[in-house]
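Here the structure comes first, spelled out in C-alpha cells, and everything after it is commentary.
Order of the sequence lines sets the chain letters (A, B, ...), proteins ahead of strands, with each chain counted from 1.
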Protein chains: 2
Amino acid sequence: MAVTIKDVAKLADVSTATVSRVINNDPRISAVTRDRVLKIVDKLNYKVNSIARSLKSNRTFTVGFLAPEIANDFFMTVAQGVENALRERGYNLIICNSNESADEEVERLELLIEKCVDGVIIAPSSGSGAHLRFLQQVGLPTVLVDRLAAGFSSDAVLVDNATGTYKAIHHLLKRGHTHFGFIGGDVSLTPFRERYQGFMHALSEFGIQPDPAHIKFGDYHVDSGYAMMKQLAEHSPAPASVFISNYFMHIGATQYLVEHRSQRSRPIFIASFDDMALSAVAGVPSLTIAQPVLQIGSRAAQLLLERIELRLNHNEPPQPRIERLPTRLVFHDRNNTA
Amino acid sequence: MAVTIKDVAKLADVSTATVSRVINNDPRISAVTRDRVLKIVDKLNYKVNSIARSLKSNRTFTVGFLAPEIANDFFMTVAQGVENALRERGYNLIICNSNESADEEVERLELLIEKCVDGVIIAPSSGSGAHLRFLQQVGLPTVLVDRLAAGFSSDAVLVDNATGTYKAIHHLLKRGHTHFGFIGGDVSLTPFRERYQGFMHALSEFGIQPDPAHIKFGDYHVDSGYAMMKQLAEHSPAPASVFISNYFMHIGATQYLVEHRSQRSRPIFIASFDDMALSAVAGVPSLTIAQPVLQIGSRAAQLLLERIELRLNHNEPPQPRIERLPTRLVFHDRNNTA
DNA sequence: CTGTTAGCGCTTTCAA
DNA sequence: TTGAAAGCGCTAACAG
C-alpha cells in the first residue's frame, strides 16, 4: 500500500494536520517541525494522493481537452499550446477524442465531468452546439477553439478565417490571377464556411464569378484533397489557381499535382489555409495563410483559467468572449508568381 | 453544488448503500427498488463522482500515456491506438508530454502517480532508464513503446527496426544500388541505433563500406533531415541512394530534394523508415518501411491491462515481455527504380 | 504554532 | 433484499 499522510504523521510524531500544513506551505509552522516532517516525507518518499485532496477541495487542477481527432497535427499543436500555458499555472491536461462525432463528444464530456475536471477546452465536432448545452447547466467553465457551435454561447478562440482568406485571394487577384478553383471542407463547420465566404467575397469584389464546376467540397482530409484536385485538374478548362481550405487537403492536392507534374505545361498555383510543417515541402508554388496555432491553445487556456478562478471566488462570470487571432500570409514561391 | 448519492437516496427513500448498489449493477436488488432509484437518478441527472469512487476503490480506470512530443503524428497515432483499445475496456487515457527530457518525464510520472492512474505507457525520452527505476518500486504497471530504456526492464512493444531496415537495404542492394548515404537520429535512442545497425549489416553483407562523409546523424526532426540531405547532396560525390531513419527527417530531406530538383540530372533515391500520411506526397522515388503504428498502441494497451488485472487479483506479475511487431516494405516509385 | 475533529462522496462489510 | 456505519486520504474550522 502507498504511504499516506498518517504514516508521515506517526513517524514525525505530529498530527496529520501538521503534515498537511507542511506540504501545503502553510506559513504558520515552525521551522523545526517543518524540517522534521519534510525529512520523513523524503525518507518515506511520500506523495500526496491528489484523489483524496480533490475530494476535499473540489478541484482537480486538471483541464480536459476534447478534439475531434487525436492523430491530427493541427489539434495536437493547439493541445501543445494549451499544455504550455496550463503547466505554468500548475494545471494538467487530459486529452480526449470525440472522433468527430457529437455522441462521442457528449460521452467524453461526461467522463471528464465524472473526473471532476476544473474546465474544458473543446474543438466541437459539429457546427450545431445543441448537444453541448448541458455544459452550461452543469456550470463547467468551457472554451471553444477553432470552431464555433451554433446555439452554444461560450468563450472561443479562433482565427479570422474570412478575412485571412479574403486577403490572400485579394492579393492574388491584384497580381492578375483570375481563374480560381476552390477546394472546401464541410461548411457546417464554421472555419470552412467562413473561408468559403472570404473566398467568394474577394472574387465578387473583382466582379469575378467562378465556374461552378471549379467549386468543390469534401471532408477535410488528405485523400479528399487529392480527389478534389484530381477533379479540378481533369476538368476542361482547369482552373489556373486553386484555393484549398486547410492543411490536410493542401497536402493531398499537392500530392496529386506532384504526381502529375509532367502532364501540365503551366503549374496550377495554390493558395491554402494553414501553414504547417509540410506546407513548404512539395515545391508547388503556393501562398498560405498561417494560423498562430500554439497561441490559439495558450490563449484558450488563459481564458479558461480566468473563468475557473472567478468561479472559485464566486464572482460573476464574464460575458462570453470570442477572440479572433490574426492570420499571416506566407509565400512559398521561388519564382514569385504570386 | 453537484447532485450526490445522498440526494438520490433521500428522494428515492432508500439508503445510499442501495443507490450505490443500483448504479453498480449489484444483482441482489429488487426490480422495483432498482426502477425507483434509476428514475430518480435520471430525474436529478445524477452522475457518480469518480473521484470519490476512486478514493474508496483505489482504482481510477485511467491510464497515463507519456510521449516525448505531443504535436507528433507518430506518437499521437500510437496514442490513438492505445485509446481505441482502452475505450473498449472502459478505461480512459491521460496524455502527457515529457518534452524529450528525462527530468520532465519524472515530473509527469509523479503527476500521474498522484492522480492514481492504474498504469502508464511510456515512450521514454532517453535511452537510459535509470530515472524510470522508481516505477518498479512504486509497483506501477508500465509498458514502454517505440523505445527501450537500458537498465529498466519492463514490457515493451516496438518494431523490428534492425530487420526492417536490413530488408529494405538488402532489397535495394540486390537491385543494384551501391552508393548509399545514411541520415540517422540520436543513436542513444534504441530505434535509431537499431536502424543504423540494420543498415550497416546489409551493406557489409555485400562487402560495401559506405563513405564516412555519407553517414550523418542529427535529431529526428524535419529541419535536421533537410540539413543533412543538403550536406549529402552538396558533397562530391553525392550518394545515389540515401537511407533516412524516420518520417520527419524523410519529409525534411524530401523538401530539400524537391526544391533543388532541377539541379540534379538523376534523382537521389530514398529509402526511409516509417510510412505515414505524407510519405508518398513528394514525388521523390522512395521505398519506405511501414510500422503498424496503431497496433503498437493497442498492443501496448493490452499488455498493460493484463498487468493491471493481475495486480488487482494479487497474482504474480509475468516476466517482462518485449514484443517486436513486423514492419512492411512500401514502394513509392512509379518508375520502378527500386 | 499545533492538535482535534468533522466530513468531502462513495463503497462495503456486517447485521437485520 | 436493504440499512447502518465505518473508512478511503486529505483539508480546514475551531480550539488551545
Interatomic distance, B:Asn49 CG vs D:dC10 P [rounded to whole Å]:
17 Å
Does a side-chain N-to-carboxylate-O contact under 4.0 Å join A:Glu104 and B:Arg87?
yes
Is B:Asn58 near enough to D:dC8 that one of its side-chain N or O atoms lies under 4.0 angstrom from OP1 or OP2?
no
A:Arg28 side chain: which of C:dT2, C:dC10, D:dG9 is closest?
C:dT2
Please report the distance, rounded to the nearest Å, between CG in B:Asp35 and C1' in D:dT1.
15 Å
Is the phosphate of C:dT4, meaning OP1 or OP2, less than 4.0 Å from a side-chain N or O of A:Ser15?
no
Just by distance, no angles: are the side chains of A:Asn45 and A:Lys47 close enough, under 3.5 Å, to form a donor-acceptor pair?
yes
Examine D:dT2: is either OP1 or OP2 under 4.0 Å from a nitrogen or oxygen in the side chain of B:Ser30? Give yes or no.
yes
Does B:Lys6 place a side-chain N or O at less than 4.0 Å from the phosphate oxygens OP1/OP2 of C:dC8?
yes
Whole angstroms only, please: what is the CG-P distance between B:Asn25 and C:dT12?
13 Å
5' precedence on DNA chain C between A:Pro27 and B:Ala17 (nearest-nucleotide basis)
A:Pro27
Is the phosphate of C:dT11 approached by B:Asn24 (side-chain N or O, under 4.0 Å from OP1 or OP2)?
yes
Please determine whether a side-chain nitrogen or oxygen atom of B:Thr18 lies at a distance below 4.0 Å from atom OP1 or OP2 of D:dT2.
no
Residues B:Arg147 and B:Glu100 bridged, charged N to O under 4.0 Å:
yes
Salt bridge or not for B:Arg108 and A:Glu83, using N-O below 4.0 Å?
yes
For B:Ile5 and D:dA4, give me the distance from atom CD1 to atom C1', rounded to whole Å.
14 Å
Looking at C:dT11, I'd like to know if its phosphate oxygens (OP1 or OP2) sit under 4.0 Å from a side-chain N or O belonging to B:Ser20.
yes
With no hydrogens and no angle check, do the side chains of A:Asn24 and A:Arg53 hold a donor and an acceptor under 3.5 Å apart?
yes
The residue, A:Leu55 or A:Asp13, whose nearest nucleotide of DNA chain C is more 5′ is A:Asp13
Give the rounded distance in Å between these two atoms: NZ of B:Lys10 and P of C:dC10.
13 Å
Less than 3.5 Å apart, any donor N or O on the side chain of A:Gln136 or A:Arg133 sitting next to an acceptor on the other?
no
B:Ile51 CD1 to C:dT11 P, in whole Å, measures 13 Å
For the pair made of NZ in A:Lys115 and C1' in C:dC10, what is the distance, rounded to whole Å?
14 Å
Counting only side-chain heavy atoms from C-beta out, which of D:dT11, C:dT11, C:dC14 sits nearest to A:Lys56?
D:dT11
Which is true for B:Val19 with a 4.0 Å heavy-atom rule: it touches a base, it touches only sugar-phosphate, or it touches nothing?
nothing
Indicate whether OP1 or OP2 belonging to D:dT11 is found under 4.0 Å from a side-chain N or O atom of A:Arg53.
yes
Taking OP1 and OP2 of D:dT2, is either one under 4.0 Å from a side-chain nitrogen or oxygen of B:Thr33?
yes
Given atom CZ of B:Arg21 and atom P of C:dT12, what is their separation to the nearest angstrom?
10 Å
Just N and O in the side chain of B:Ser54: are any of them under 4.0 Å from OP1 or OP2 of D:dC8?
no
Taking only side-chain N and O atoms of A:Thr16, does any of them lie within less than 4.0 angstrom of OP1 or OP2 on D:dT11?
no
